[in-house]
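This report concerns only the one structure given below.
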There are 2 protein chains.
Amino acid sequence: MPKVGGRVGIGDVAAAAGVSTTTVSHVLSGNRPVRASTRAQVEAAIRKLGYRPDPSARSLRIQRTENVALVVPDITNPFFPQLAAGMQDILHPEGYLISVSDAALPVRSLDAVVQHLLDRRMDGIVMAPHFATPMHHTRIAESGAKLVRLSGSIDDGLGDIVRSDDTAGVAGVVRHLVERGYRRIAFINGEVTAEPGRLRIAGYRRGLSEAGLDYDEDLVKTETFTRDGGMNGAQSLLRRGARQPDAIVCANDLIAVGAMDALRRRGLSIPGDIALTGYDDIEAAALLSPSLTTVHNPAREIGRSCARLLLDRLADGYDGPPRDVVLPNRLIPRESS
Amino acid sequence: MPKVGGRVGIGDVAAAAGVSTTTVSHVLSGNRPVRASTRAQVEAAIRKLGYRPDPSARSLRIQRTENVALVVPDITNPFFPQLAAGMQDILHPEGYLISVSDAALPVRSLDAVVQHLLDRRMDGIVMAPHFATPMHHTRIAESGAKLVRLSGSIDDGLGDIVRSDDTAGVAGVVRHLVERGYRRIAFINGEVTAEPGRLRIAGYRRGLSEAGLDYDEDLVKTETFTRDGGMNGAQSLLRRGARQPDAIVCANDLIAVGAMDALRRRGLSIPGDIALTGYDDIEAAALLSPSLTTVHNPAREIGRSCARLLLDRLADGYDGPPRDVVLPNRLIPRESS
DNA sequence: CTGAAAGCGCTTACAG
DNA sequence: CTGAAAGCGCTTACAG
């Protein structure tokens, strides 16, 4: 029963329980011992009045907002919502609020997003955009907000990093294909200027070498991370005169979709004539026919890790050097291999 | 140059500009006239000190947080991230912070999410889960937070509603097929217990009637909103002895994927033998081959509308009756029709 | 056109 | 084991 004409404050609880606001506060926080009988009275008063502490007052006093932000490059990419969900798994139970900002639009530049979040006094920020610059990281670190990123290097000392192991992921795909009997395994890459391009081809090489297979540069095509890239790469691999591969590892699912178009156009069956694999596990991967063998990025688990790293610094007093967390990913075998 | 040992406050600005904090506050808010020369001095001091107002102090004083929440049933469904992006388009420039909560998990029930958001004193909440109950809406309304929903009826007086016109969307699909010369147009529905099931079959009927075509119940199958549902529905339409349709309208894209599997298995070409359409425009729709004609839900536009309705009540003093906003959607013609 | 001062609802150092 | 009181940084009614 809130009193008429206003919200129930800690003072109302104190009055109802016949104690000071100090004691009510300590019952809530557990920051100092309270006699059991007193505590019981206070708790009864809290329940009876339906008291809920005001977060603005608390924030003002403790100089922390208990708000955390996630900045993403493109909310349309399903990876990022999953990341957000993972953060929630950990942070909601701790009472933190998570705000998600899409920094995709030019009108809403990363500069403006970061400024907005710092103005709002975020306690922690997870920066996912690959186009974030050291300037952004520095601004965040100097504001006192804790920082976690999804790529780059911890050498700048500006915060923790969480990522999944793309190289191991692709190596796992190669191992899977070798186990199934494939031997002439080709690779269609996207841009090698992008970090995933470099990491994934490294995985391809590692996979071959672990299987004792030679690296053959005729079997590797560097295109773009698009459907067209996959189409071009596959056509180039299948050109007349070339010794054909029996499997094609693609650096992402979109490339695999394009390669699938090209194979189908040539009347080749998948995986009968040629096996095909992707990377990312986009929604379409399961819906294509044949469904696409791929690697699932542990987006949710990455989100959880980000949240835990943040929480270490925010709530658990960790103040050590930046940490670099590398998570395993998961092969999803489907019909295409 | 923040002074050492603490953040720059409004008092520091006032001292630097040689005015009172009252005046600094009014320069920032524009709530009362300030002499141009005074304003200039204050603005210079703000710039020089890099002053940014503290949102907790402001919230405590004005008794609003300028925080808005979006609650979704499943962040994995790409519709909802788009909705969030649309809200951001409108609310970020106004200085609002948006928090997104996934209420999917049983461990994180809708009850708990709503409670968490009310504890955090959200000024406004957009409730997207179809499984939200009147109890949730009532709790929100009673807390004083403004409410916007994506379905239901405004008759309960508990807040505004924004939705897209599923019925018109499916009617548009039928019109499109008729324009392309198709006449025996079948419909595979999902569960009619779900609101989309009811609205979409209504669109099918409206489309037929607008085209002067008769409704033939042999051409309508009620299944589930899944790939299996589509497979079953298509098999049932194509069973021997039945007069075959020349087009199949599916109540969502997943159903269309299943129907595509069934048609392919029968050796039927799409759209040569039978045209096929979906609804929702999931990512896979563009990646299938043939790519799928479908209807795009204007998720981002819905998000913008939700934000505007909230802003009307939060910032612009609107205090009238609940509003029901119905947005048009967009036919995406692709190869399958 | 401007200022002094109260007060929003908490937490915590200080005191007992 | 408990309380009185200061103070976090703003906004605004009141006064001039």
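Letters go in sequence order (proteins before strands), and every chain restarts at 1. Bear in mind that the values here come from a model prediction, so they are computed numbers and not experimental data. What you see below is based on every heavy atom in this structure, not just the backbone, and it leaves out hydrogens, waters and symmetry mates.
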In whole Å, what separates the C1' atom of C:dT12 from that of C:dG16? 16 Å
Protein-nucleotide distance ([X], atom [atom1]; [N], atom [atom2]), rounded to Å:
X: B:His26; N: C:dA4; atom1: NE2; atom2: C1'; answer: 13 Å
X: A:Leu28; N: C:dT12; atom1: CG; atom2: C1'; answer: 14 Å
X: B:Arg7; N: D:dG9; atom1: CZ; atom2: C1'; answer: 11 Å
X: B:Asp119; N: C:dC10; atom1: CG; atom2: P; answer: 12 Å
X: A:Ile46; N: C:dG9; atom1: CD1; atom2: P; answer: 16 Å
X: A:Arg64; N: C:dC10; atom1: CZ; atom2: C1'; answer: 13 Å
X: A:Arg39; N: D:dC1; atom1: CZ; atom2: P; answer: 9 Å

Of all the nucleotides listed ([options]), which has the minimum atom distance to the side chain of [X]?
X: A:Ser20; options: C:dG9, C:dA5, D:dG3; value: D:dG3
X: A:Arg32; options: C:dG9, C:dC14, D:dT12; value: C:dC14
X: A:Thr22; options: C:dA13, C:dC10, D:dT12; value: C:dA13
X: A:Ala57; options: D:dT12, C:dG9, D:dC10; value: C:dG9
X: B:Ile10; options: D:dT12, D:dC8, D:dC10; value: D:dC10
X: B:Arg58; options: D:dC10, D:dC1, C:dT12; value: D:dC10
X: A:Ile62; options: C:dG3, D:dT12, C:dT12; value: C:dT12
X: A:Gln63; options: D:dC8, C:dG9, C:dC10; value: D:dC8
X: A:Arg35; options: C:dC10, D:dT12, D:dT2; value: D:dT2

Base, sugar-phosphate, or nothing for [X], non-hydrogen atoms under 4.0 angstrom?
X: A:Thr38; answer: sugar-phosphate
X: B:Leu60; answer: base
X: A:Thr23; answer: sugar-phosphate

Counter-base of C:dC14, judged by Watson-Crick or G-U geometry with both distances under 3.5 Å: D:dG3
Whether B:Asp102 side chain and B:Ile75 backbone form a donor-acceptor pair below 3.5 Å: yes
Keeping B:Asn77 on the side-chain end and B:Phe79 on the backbone end, is there a donor-acceptor pair under 3.5 Å? yes
Is a side-chain donor-acceptor pair under 3.5 Å present for A:Asp111 with A:Gln115? no
If we ignore angles and hydrogens, is there a donor and acceptor under 3.5 Å between the side chains of B:Thr76 and A:Gln82? yes
Set out, in order, the CA-CA distance, both residues' side-chain angles and the distance that settles side-chain hydrogen bond (donor to acceptor under 3.5 Å, both in side chains) for B:Ser29 and B:His26, then state yes or no. CA-CA 5 Å; B:Ser29 69; B:His26 283 113; 5.2 Å; no
The residue, A:Ser25 or B:Pro33, whose nearest nucleotide of DNA chain C is more 5′ is B:Pro33
Between A:Ala36 and B:Asn31, which is nearer to the 5' end of DNA chain D once each is assigned its nearest nucleotide? A:Ala36
Check the pair A:Thr138 / A:Leu158 against side chain to side chain contact (heavy atoms under 4.5 Å, CB included), numbers first and verdict last. CA-CA 7 Å; A:Thr138 305; A:Leu158 294 178; 3.6 Å; yes
